[in-house]
Each structure stands twice: as structure tokens, then as C-alpha cells.
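Notes to accompany the following structure.
Counting convention: from 1, in listed order, for ligands and their atoms alike.
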Amino acid sequence: MPYKEFTLDDIARHHKEGDLWIVIDSKVYDLSRFADLHPGGAGVLYAEGIAGKDATQVFFGLHRLEVLQRPQYARLQIGAVRGQTETIKPLSPGELSLVPYAEPTWLTPGYFSPYYSDNHRKFHKAMRAFLMEVVQPEAVQCEENGKRISQEVVDKLSEINFLAMRLGPGKHLKGLTLMGGIVKPEEYDYFHELILNTEIARFGTRAFVDGLLNGGVIALPPVLNFGTLEQRAKFVPDILAGKKYISLAVSEAFAGSDVSGAQTVAVRDGDEWIVTGTKKWITNGTFSDYFTTLCKTDTGFVVLLVERSDAVSTKPVKTSYSSTAGTAFVTFDKARVPVANTLGQVGKGMSIVLSNFNHERWMVTATSLGAQRLVVEECLKWTNQRIAFGKPLHAQAVIRAKLATMISRVETCQAWVENITHQMNNMSYQEQSDKLAGPIALLKQFVSKAGRETAEDATQIFGGRGITVTGMGKVIENYHRTSPFDAILAGAEDVLGDLGVRQAIRRMPKNARL
Ligand SMILES: Cc1cc2nc3c(=O)[nH]c(=O)nc-3n(C[C@H](O)[C@H](O)[C@H](O)COP(=O)(O)OP(=O)(O)OC[C@H]3O[C@@H](n4cnc5c(N)ncnc54)[C@H](O)[C@@H]3O)c2cc1C
């Protein structure tokens with residue numbers, strides 16, 4: 001049937017089995033043949049107020065907008081209602097959401113921030129558009145099927161020097177074209193990186209955030225900060241170009257929070273180390289070519305860059321998030337590693353690993369922030385469109401109280417993350433290690449706790465859909481299932497809270513008295 005315009009009276013005549021039309025947001029759909037295939041049953045479609053009528057409100061009480069965009073449903077549209085225009089549209093790539101609190105203050109028209117420049121705004125717009133167009137479809141697919149990120153997408157990421165940007169500002173950016181030249185390497189700062197990190201977390205695909213070359217984000221800094229010129233020249237370019245992959249291999253079944261309990265051993269044999277041991281929960285490990293590995297020696301800890309070989313095997317660890325993250329159990333079975341692959345000094349391995357944690361922990365707070373904001377947006381939309389007891393959900397005071405707390409949490413997290421980011425922008429790597437380990441530990445504890453509380457509230461607000469993998473509540477289900485990861489990775493919440501306070505106690509003035 002050709003696309004045409006209909007009056008509401010025309011449409012009302014098609015209200016029975018074999019001849020069924022409905023209207024959703026000004027568009028007319030012919031469901032005559034589809035009715036029997038409707039996953040929710042045909043009966044509901046013939047109900048009064050739906051068959052031959054404008055079913056917009058009922059539809060959005062049950063379905064996400066994206067359902068209408070799927071080709072199999074989009075082709076059911078036969079025309080539009082005369083005199084009406086479509087009002088409900090998805091965001092175009094790069095577009096800002098107008099839902100209150102869906103964007104941070106600095107991106108909300110009419111509000112201000114001391115931290116962001118016009119360049120940050122340009123960068124944000126381009127990054128959001130790029131991620132929506134290039135990454136989001138793959139993120140959604142991989143989160144579901146558990147496959148690793150495709151080389152095709154990695155190649156596109158490499159074109160904008162995505163991994164280099166995920167590593168933050170620094171010398172490694174020199175000579176690179178970042179985001180198509182929107183930001184110069186010397187201009188790129190931690191707020192650009194904060195933008196990148198919050199944006200990658202906006203698809204409701206937590207495991208894919210880690211699958212998005214997170215191994216490199218945490219495993220390359222020891223190479224960049226402690227590696228020799230030769231080591232950097234040999235390993236870094238291929239990794240930044242997405243031709244090789246790298247993971248950080250510190251944790252073991254024996255040693256998680258207590259890193260010093262690591263039992264993987266490196267023994268010198270001429271020009272080689274012989275590495276024996278196992279590492280657990282290694283992000284991207286199932287597909288990495290290199291492992292930045294903490295090992296014990298006779299003279300203290302050492303960090304070695306171990307290359308995959310027959311003596312290095314990996315197998316997936318099945319966690320409660322998708323295997324797209326490539327979480328692995330790694331076995332080193334007398335793996336021979338050239339002494340030339342030693343990162344930094346023998347005996348200093350522990351301080352290399354510890355100095356790496358600040359950036360990783362800050363990054364986790366940034367991705368959590370992006371995810372929490374998405375959850376707030378989902379909840380505001382849902383409570384607006386879901387009708388229960390004859391009213392939108394947000395007509396209930398108890399729901400509004402939950403929303404108030406969720407909004408307050410995300411805004412608090414945002415303010416604290418931005419404050420710490422500002423400190424990072426003004427401190428050297430050494431100063432950050434010295435002054436920010438405590439504050440970042442406390443920040444991460446706070447943000448991950450806030451995230452889990454928000455996940456609980458959101459699940460209540462979404463009801464059964466909040467614990468259903470597909471459909472209306474899919475973002476909430478994913479976040480509820482995966483928000484504990486932010487509380488464990490890069491340092492468990494309680495351990496970090498304790499670290500933050502111990503650091504503060506260490507700095508107490510000797511003469512401080514009440
Ligand atoms: C999906 C995933 C990906 C990961 N990726 C990597 C990776 O790429 N590379 C890597 O090296 N590691 C990785 N890890 C490991 C991660 O860093 C550890 O899981 C984390 O450090 C906690 O260690 P653990 O699980 O052994 O917990 P444990 O150390 O056994 O602690 C268990 C719990 O006890 C409590 N606890 C422990 N000590 C204290 C204390 N002193 N004070 C108060 N409470 C305490 C904490 O609540 C803690 O959660 C990953 C883990 C997961 C789950």
C-alpha cells in the first residue's frame with residue numbers, strides 16, 4: 001500500500017481481526033497480518049482504545065522507541081494521520097538529550113562550569129557522534145553475544161587514536177591526530193579523557209566498556225612511564241594502532257586486594273626470565289598478545305612484559321557480565337621472557353603497579369558516572385510514560401523521592417569527579433601519585449556505592465522490567481547486574497575507603513588537637 005495520509009475516522013474503521021490499524025505518534029500502522037505474530041499476543045491489539053485508535057500512550061508504556069525503528073516493524077507503517085506530525089524521535093548522533101539531568105550541567109543550555117572550554121564542547125559533540133555511529137551497534141551486539149570487539153571497529157577507533165586518548169594526556173600523544181584533529185595533542189587534558197570515559201558508558205553495555213581495549217588503558221602506563229626508549233618503540237605503536245593487544249596481569253587467585261601476596265615467580269636464566277604462575281580475571285586477556293605482569297623474584301617484585309607464546313595460555317573466566325570483556329585466567333608455564341622486557345627496576349615492581357592504580361580508579365569513576373546518568377535518564381523517561389493506577393508512575397511520591405536521591409547522587413559524583421579531574425590537570429604524575437591516591441580511593445568508593453544504590457532504586461522503579469534482559473528495562477537490568485564490577489575492579493570499595501582514610505591520618509599535623 002502506498003504511503004498516504006488518513007483521517008482519524010478512516011483509521012477508526014480498521015479495528016477488527018484481519019483489518020487492524022493503529023496510530024503511534026502520528027504514524028499509521030497496518031497490523032492486520034502482524035497481529036498473530038505480536039509477542040504480547042493478538043488479543044491486546046483488539047482492545048478498545050487500541051484497535052483503530054491512537055495507541056501512543058499504551059505503546060510507550062510497554063515498548064522502547066527503538067522497537068518502531070526495527071525494519072520488520074517500520075515496514076508496517078502505511079501512512080500518517082492528516083494534520084499530525086511525529087514528535088517522538090531518537091537522538092541524532094552527537095545530539096544532547098533535553099531530559100533534565102540526562103546531561104551534566106556543563107552541557108545543559110543556560111548553565112555554567114569553570115572546567116570546560118569550547119574545545120571540550122567540540123570534542124564532546126564529535127566523540128558522542130562517533131561513538132553512536134561506530135561503536136554503539138557493536139557494543140549492543142557484543143554485550144549480548146559475548147564476542148570480542150571486531151578488528152573492523154578497532155581499526156576505526158585507531159583512526160581517531162582512541163586508545164591513545166584513553167591513556168590520558170602525555171608524551172604518547174605527540175605527533176598523533178586526535179579525533180580527526182579537533183584537539184591538538186598538547187591541548188588534550190584530563191577533561192577530554194573524562195568526556196571520552198563518560199560517553200563510552202552511555203550504551204548500557206558495561207562489559208563492552210571493558211572490552212573496548214580497557215586492557216591497554218591499564219597495562220600500557222607501566223610501559224610508557226617505566227619502559228626504556230627501545231621498549232616503547234618496540235611495543236607501543238602497534239598497540240596504539242590496534243594491531244596488538246595488551247593486558248595488565250597483576251591479580252591472582254592468591255592475591256587480589258593484597259597485591260603483595262602474588263605468587264607468580266620469575267627466575268633469571270641468562271638473558272631470560274622464566275615465568276611460572278597464574279593470573280586471574282585479566283581484562284581482555286582472552287585475546288591479548290602481551291601481558292604486563294607482576295612477578296616475584298629473589299630480590300623483590302618485578303614487572304615484565306610477557307608475550308603470548310605456547311607457554312602462555314588463557315581461558316575465559318565466566319563472570320556475571322558479558323564475556324565481550326575477554327576476562328581471562330592466564331597460565332604462565334615456564335614462559336621465557338627476554339630480560340630486555342623488564343619494565344623499570346627489579347625490586348620496584350610493587351611501586352610501579354601501585355602508581356598505576358590512580359588513573360585506573362579515576363577512569364572507573366568516570367565510566368560509572370556516565371552509566372549512572374544514563375540510568376537517571378531512563379528512569380525519568382520511564383516514570384513519565386508508564387501508567388499505573390491510572391497515573392504516570394511519577395505521580396507517586398515514593399517514586400519521586402527515589403528520583404530525587406538518584407539525581408542528587410549523580411550530581412554529587414559529577415562534582416567530585418570534576419574536582420579531582422581538575423587536580424589531575426594541574427599536577428605532575430609524581431604529584432598525583434603523592435597527593436591523589438587517598439582522594440581518588442575515597443572518590444571511587446563513593447561513586448561505586450552511589451552507583452549500586454542507584455541500581456537498586458532503578459530496579460524498583462522499573463519493576464519486572466528492571467530484571468528482564470531485553471526490552472524496556474534492558475539498561476537497568478544490565479546496570480543492576482554489572483554495577484558491582486565498579487565496586488571490585490581496580491580495588492574493592494572497602495579497601496579503598498580504608499586506604500583513603502589511612503592516607504589522611506598519615507597527613508595529620510603532629511600538633512592537631514581539639
Ligand atoms: C571482571 C574483573 C576484571 C578484572 N580485571 C583485572 C585485570 O585486568 N588485571 C588485574 O590484575 N586484575 C583484575 N581484576 C582483579 C581485581 O582487581 C580484584 O578482583 C580486586 O582487586 C579484588 O581482589 P579479590 O577479588 O581477590 O578480593 P579479596 O582480596 O579476596 O577480597 C575480598 C573482599 O574482602 C574485602 N577486603 C579485603 N581486604 C580488605 C581490607 N584490607 N579491608 C577491608 N576489606 C577488605 C573486600 O570487600 C574485598 O572485596 C579483575 C576482576 C574482575 C572481577
Side-chain angles (χ1 to χ4, degrees), residues 143 146 148 166 205-223 239 245-264 275 277-296 301 303-306 312 314-332 343 349-350 352-361 363-364 367-368 440-442 444-445 448-449 452 478 481-503 505:
E143 188 79 8
R148 61 178 272 198
R166 283 203 74 185
T205 54
R206 175 64 184 86
F208 190 81
V209 168
D210 288 349
L212 204 48
L213 313 183
N214 207 30
V217 182
I218 56 181
L220 259 187
V223 186
I239 297 171
Y245 299 92
I246 187 166
S247 287
L248 180 71
V250 171
S251 304
E252 301 181 2
F254 319 99
S257 309
D258 179 12
V259 178
S260 63
Q263 295 185 19
T264 296
V275 178
T278 55
K279 297 286 176 182
K280 192 164 183 184
W281 301 297
I282 304 310
T283 301
N284 300 174
T286 54
F287 57 87
S288 272
D289 302 286
Y290 305 121
F291 298 87
T292 303
T293 309
L294 181 72
C295 305
K296 211 160 70 168
F301 284 100
V303 178
L304 301 178
L305 195 70
V306 183
V312 179
T314 57
K315 61 179 183 189
V317 177
K318 204 165 168 31
T319 70
S320 48
Y321 77 9
S322 165
S323 55
T324 188
T327 314
F329 187 82
V330 185
T331 303
F332 302 105
L343 297 172
M350 193 54 66
I352 292 175
V353 164
L354 294 181
S355 74
N356 197 25
F357 275 137
N358 277 348
H359 182 260
E360 180 184 3
R361 289 172 182 160
M363 173 196 68
V364 174
T367 52
S368 170
I440 288 179
L442 290 170
K444 181 170 177 289
Q445 183 199 38
S448 65
K449 266 203 165 116
R452 287 187 301 138
N478 187 288
R481 178 163 41 84
T482 62
S483 51
F485 283 70
D486 294 335
I488 303 289
L489 305 188
E493 219 168 68
D494 291 342
V495 175
L496 293 187
D498 190 51
L499 169 68
V501 174
R502 277 189 291 114
Q503 295 264 329
I505 291 170

- Query: Within a strict 4.5 Å, meaning less than it, do heavy atoms of the Phe485 and Thr319 side chains meet?
  - Reply: yes
- Does the side chain of Thr314 reach to within under 4.5 Å of the side chain of Phe291, using non-hydrogen atoms? yes
- Message: Under the side-chain hydrogen bond (donor to acceptor under 3.5 Å, both in side chains) definition, can you give me all pairs with a residue in residues 277-287, not counting sequence neighbours?
- Response: Glu252-Lys279
Distance-only criterion, 3.5 Å: show the donor-acceptor pairs between side-chain atoms of residues 212-219 and protein atoms not counting sequence neighbours.
residue, atom, partner, partner atom, Å
Asn214, OD1, Arg166, NH2, 3.2
Asn214, ND2, Asp210, OD1, 3.1

- If you count only heavy atoms, which residues are under 4.0 Å from ligand 1? Ile218, Leu248, Val250, Ser251, Gly256, Ser257, Trp281, Ile282, Thr283, Tyr321, Phe485, Ile488, Leu489, Ala490, Ala492, Asp494, Val495
- Reported CG-to-CZ distance for the pair Asn356 and Arg361, which is rounded to 0.5 angstrom: 10.0 Å
- Leu354: what forms a side chain to side chain contact (heavy atoms under 4.5 Å, CB included) with it, not counting sequence neighbours? Met350, Phe357
